[in-house]
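Here the structure is laid out as structure tokens; the discussion comes afterwards.
Each chain gets a letter, A, B and so on, in the order its sequence line appears, and its residues count up from 1.
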Amino acid sequence: MVHMTSVAPAVAPGSASAKQPRVRFAPSPTGFLHVGGARTALFNWLFAKKFGGQFLLRIEDTDRQRSTDESTRAIFEGLEWLGLTWDEEVVYQGANVARHYADAHRLLETGAAYRDFTPAAELDRLRAEAEARGEVFRFDRARVMLSEAEVASKLAANEPFAIRFKVPEGETAWDDLVHERIAFPNKDIEDFVILRSDGTPVYNMAVVSDDIAMRITLVMRGDDHISNTPKQILLYRALGADEPQFGHVPMIHGADGKKLSKRHGATAVGDYQHQGLLPQSMLNFLALLGWSPGDDTEVMTLAELVEKFHVRGLQKKAAVFDTKKLEWMNGQHLAQIPIAELAAIVAPMFERAGLATAADLSARAEWFHGVLELLRVRARLTDEIVAQAGPFFTDTVEYDPDAVSKLWRDANAAAGILQATHDRLASLDAWEPAAMEEALRTLAESLGISGGKIFQPLRVALFGLTVSPGIFDVLLYVGRDRSLARIAAAVQFLKNG
RNA sequence: GGCUCCAUCGUCUAUCGGUUAGGACGCGACCCUUUCAAGGUCGAGAGACGGGUUCGAUUCCCGUUGGAGCUACCA
């Protein structure tokens, strides 16, 4: 793991400016950026932007077993893709263990914490025994607190010890940004370990030490952290630091009502990126999961989200991740995104699909944009745009068997109509939709058939499918030469059929 | 089990004690129409239950039930 940054010495932020909030997103790099994390990041980011503060990123990589550089990179990429850029340098928690250690020992010196020489294995054993008896294991301070003499002798014998925080009597409460007041009786909080016997810090210690050092003014995170909060508040106080404000946003659940996890399918932000989602759709959708602008607005850009964001709209209830609505949301954004922006996003996909090179597309930008206009409105994912674009790019079309059997059922009749269509279109002075439509409608009239009887077989000839954008748009964007050639080829196909 | 949080249509949500409980997704119907979308109109669809407080509760309080999270020398 790379540690590029360390932060200033711990202790008292004291003068954290209320006007300049400092928030952070603190994922542990043990996997990809998941949607729940992305939403927490978004709310923090929104809060920072809304109130002109800073949004910081801290990688909580103190669990060396599970943390990977690959995950760290994935988190960066995910946030960058979403456009949730962070202020200041990234803080790697692992770079701060010396301070965490020092803070834990400071607590030991002030008497806010004490040494526990009980081996971890012994604790495990006691826990297992209690469970076997059907009881709940309660950590007993009296059993492990030693006299000064005993401590001195164990120290002299070099016995390893963990440092535990001595939870005081009373109650620990705070006014949560989204829940109002939350209170925990201290008797329900065990004396928790802050420094392991190997000298490494435990989560709550590291978090508090870092949040103090980073001068965080608001800790906004998932409500699965609610039970950590009283412990952290106790640490702030014992360390003599002002506690920040806390806000606990609800979880995201899968369709089964359980906390979202891998078994619910795609939960990584990257999964959606690769499925053809626009970052603004993801952001918009995530924002609406657990937050509401208070009115009926649904489709919003990031800038609009910043403008409308307010903590009052934060929800207390867990929300179910509904991919159907996500896709609808993407369709909305697909329809309203500036066409050049869409083109830039989608061009590499066309290249990968082998339909055109990026250079080719930019050389024919106007044409390409026109094609995208036709396709965007009937797509929900950018993938679908690419999938449906084929006939605009290829030289020849493949006939879908269903289309042939349905719309070219009577081969002779179809060939006749297509031939007549070909001749009418070929005689046109201008390759222009209105003229084409007029010509073909008059043709239909003279043949005594409905327009559809011409348009549908024509669609198969031009697109090979029963579905396509409007037929005159297809004619226009496939182009005169290719269109006429395709119609002629269809006539041949039908005659030989 | 203990602690904590939560509770309006299937889902996301609006409602600052007085509404025919509104909108969106999804679903159904219709309109538009050369197909598919998009769009438009309409429809079905909700205050978990029981007590209070109040002239009046979805809204405030309590309880029940239900759901979720945490419960490590993980983060």
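Looking at heavy-atom distances under 4.0 Å, Gly222(A) makes no contact with the nucleic acid at all. At a threshold of 4.0 angstrom between heavy atoms, the contacts of Ala162(A) include nucleobase atoms, whether or not backbone atoms are also involved. Residue Glu60(A) is classed as a sugar-phosphate contact, given heavy-atom separations below 4.0 Å to backbone atoms only. At a threshold of 4.0 angstrom between heavy atoms, the contacts of Ser28(A) are confined to the sugar-phosphate backbone, with no base atom among them. Phe285(A) comes within 4.0 angstrom of nothing in the nucleic acid, heavy atoms only. If you check every strand for non-hydrogen atoms under 4.0 Å, Phe184(A) touches sugar and phosphate atoms only. Residue contacts for Arg127(A): at a heavy-atom cut-off of 4.0 Å it reaches the sugar-phosphate backbone alone, with no base atom in range. Thr118(A) comes within 4.0 angstrom of a nucleotide base, judged by non-hydrogen atoms across all strands. Contact annotation for Ala318(A): backbone-only contact, meaning every heavy-atom pair under 4.0 Å involves sugar-phosphate atoms and none involves a base. Within the nucleic acid shown, Val320(A) comes within 4.0 Å of sugar-phosphate atoms alone, with no base atom in reach, counting heavy atoms only. Residue Leu123(A) is in base contact, counting any heavy-atom pair closer than 4.0 Å across all strands shown. Among the heavy atoms of the strands lying under 4.0 Å from Pro119(A) is at least one base atom, whether or not backbone atoms are also near. Among the heavy atoms of the strands, none lies under 4.0 Å from Pro230(A). When heavy atoms are screened at a 4.0 angstrom cut-off, Asn228(A) is found touching base atoms of the nucleic acid.
A 4.5 Å side-chain heavy-atom check between Lys406(A) and Val460(A) finds every atom pair outside the cut-off. Glu298(A) is not listed as a side-chain neighbour of Gln332(A), based on a closest heavy-atom distance of 4.5 Å or more.
Between Gln456(A) and C36(B) there is no side-chain polar atom (N or O) within less than 4.0 angstrom of OP1 or OP2. Within the 4.0 Å cut-off from OP1 or OP2 of A14(B), at least one side-chain nitrogen or oxygen of Gln315(A) is found. One finds no side-chain N or O of Arg376(A) lying less than 4.0 angstrom from the OP1 or OP2 phosphate oxygen of A38(B). Between Arg164(A) and C73(B), a side-chain N or O to OP1/OP2 separation shorter than 4.0 Å is present. Distances shown here put every side-chain N or O of Lys324(A) at or beyond 4.0 Å from the OP1 or OP2 atom of C12(B). OP1 or OP2 of A38(B) lies within a sub-4.0 Å distance of a side-chain N or O belonging to Arg380(A). One finds no side-chain N or O of Arg312(A) lying less than 4.0 angstrom from the OP1 or OP2 phosphate oxygen of U15(B).
Across C12(B), C70(B), C36(B), the shortest atom-to-atom separation from the side chain of Ala319(A) is found for C12(B). Distances from the side chain of Ile226(A) to the nucleotides U4(B), C3(B), C25(B) place U4(B) closest. The side chain of Gln93(A) sits closest to A75(B) out of C12(B), A37(B), A75(B). When each of U35(B), G1(B), A75(B) is scored by its nearest atom to the side-chain atoms of Thr62(A), the top-ranked nucleotide is A75(B). Side-chain atoms of Pro185(A) lie closest to C3(B) of the nucleotides C73(B), U34(B), C3(B). Of the candidate nucleotides U13(B), U11(B), U35(B), U13(B) has the atom nearest to the side chain of Ser292(A). Checking G39(B), A14(B), U8(B) against every side-chain atom of Lys317(A), the shortest atom distance belongs to U8(B). Here C6(B) is the nucleotide among U34(B), C6(B), C3(B) with the atom lying nearest to any side-chain atom of Lys316(A). Closest contact between the side chain of Asp188(A) and the listed nucleotides C3(B), C12(B), C5(B) involves C3(B). For Lys259(A), whose side chain is taken as the heavy atoms from C-beta onward, the closest listed nucleotide among A68(B), G22(B), U34(B) is A68(B).
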Can you give me every donor-acceptor pair (side chain of residues 443-459 of chain A, partner residue at least two apart or in another chain, under 3.5 Å) with its distance?
{"from": "Ser446(A)", "atom 1": "OG", "to": "Thr442(A)", "atom 2": "O", "distance (Å)": "3.4"}
{"from": "Ser446(A)", "atom 1": "OG", "to": "Leu443(A)", "atom 2": "O", "distance (Å)": "2.7"}
{"from": "Gln456(A)", "atom 1": "OE1", "to": "Arg459(A)", "atom 2": "NE", "distance (Å)": "2.9"}
{"from": "Gln456(A)", "atom 1": "OE1", "to": "Arg459(A)", "atom 2": "NH2", "distance (Å)": "3.2"}
{"from": "Arg459(A)", "atom 1": "NH1", "to": "Ser468(A)", "atom 2": "OG", "distance (Å)": "2.7"}
{"from": "Arg459(A)", "atom 1": "NH1", "to": "Pro469(A)", "atom 2": "O", "distance (Å)": "3.2"}

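Below the 3.5 angstrom threshold, one finds a donor paired with an acceptor across the side chain of Lys325(A) and the base of A24(B). One donor-acceptor pair, N or O on each side, does fall under 3.5 Å between the base of C73(B) and the side chain of Ser197(A).
In a base pair of the Watson-Crick type (N1 to N3 plus N6-O4 or O6-N4) or a G-U wobble (N1-O2 and O6-N3), with each distance short of 3.5 Å, U20(B) is matched with no nucleotide. Pairing for C36(B) is absent, judged as Watson-Crick or G-U wobble with the two contacts each under 3.5 Å. The base-pairing partner of A46(B), taking Watson-Crick or G-U wobble contacts with both distances under 3.5 Å, does not exist among the strands shown. In this structure, C70(B) forms a base pair with G2(B), meeting either the Watson-Crick or the G-U wobble geometry with both donor-acceptor distances under 3.5 Å. When both pairing distances are held under 3.5 Å, G26(B) makes no Watson-Crick or G-U pair with any nucleotide shown. Across the strands present, C60(B) finds its partner in G52(B); the criterion is a Watson-Crick or G-U wobble pair with both atom distances under 3.5 angstrom. Nucleotide A14(B) is matched to nothing when pairs are restricted to Watson-Crick or G-U wobble geometry with both distances under 3.5 angstrom. Under the Watson-Crick and G-U wobble criteria, each requiring two contacts below 3.5 Å, nucleotide U65(B) is paired to A7(B).
Under a 4.0 Å N-O distance rule, the pair Glu373(A)/Arg376(A) qualifies as a salt bridge. Residues Lys308(A) and Asp295(A) are paired through a salt bridge, judged by an N-O separation under 4.0 Å between the basic side chain and the carboxylate. A salt bridge does not link Glu70(A) to Arg73(A): none of the charged side-chain nitrogens sits closer than 4.0 Å to a carboxylate oxygen.
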**Request:** Mark up nucleotides 58-67 of chain B, 5' to 3', with B wherever a protein heavy atom is under 4.0 angstrom from a base atom, S wherever such an atom reaches only the sugar-phosphate, and - elsewhere.
**Result:** ----------
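Counted by atom type alone, Thr62(A) and His100(A) present zero donor-acceptor pairs between their side chains at under 3.5 Å. Looking at Ser281(A) and Arg380(A), their side chains never bring a donor and an acceptor atom within 3.5 Å of each other.
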**Request:** Show the numbers, then the answer: is there a side chain to side chain contact (heavy atoms under 4.5 Å, CB included) between Met220(A) and Val178(A)?
**Result:** CA-CA 10 Å; Met220(A) 187 160 33; Val178(A) 347; 5.7 Å; no
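Considering only residues two or more places apart in sequence or on other chains, Lys259(A) meets the salt bridge (Lys or Arg N to Asp or Glu O under 4.0 Å) condition with Asp224(A).
Between Ala26(A) and Ile182(A), the residue whose closest nucleotide on RNA chain B is further toward the 5' end is Ile182(A).
The distance from atom CG of Leu288(A) to atom C1' of U13(B) is 8 Å, rounded to the nearest whole Å.
Applying the side-chain contact (heavy atoms from CB on, under 4.5 Å) test between Trp328(A) and each of Asp322(A), Val299(A), Thr323(A) identifies Val299(A) as the sole match.
Here, A37(B) and U59(B) have their P atoms 43 Å apart, quoted to the whole Å. Straight-line distance between the P atoms of C12(B) and U71(B): roughly 25 Å, to the nearest whole Å.
The cationic atom of Arg141(A) (NZ for Lys, CZ for Arg) does not lie both less than 6.0 Å from the six-membered ring centre of Tyr114(A) and within 45° of the ring axis.
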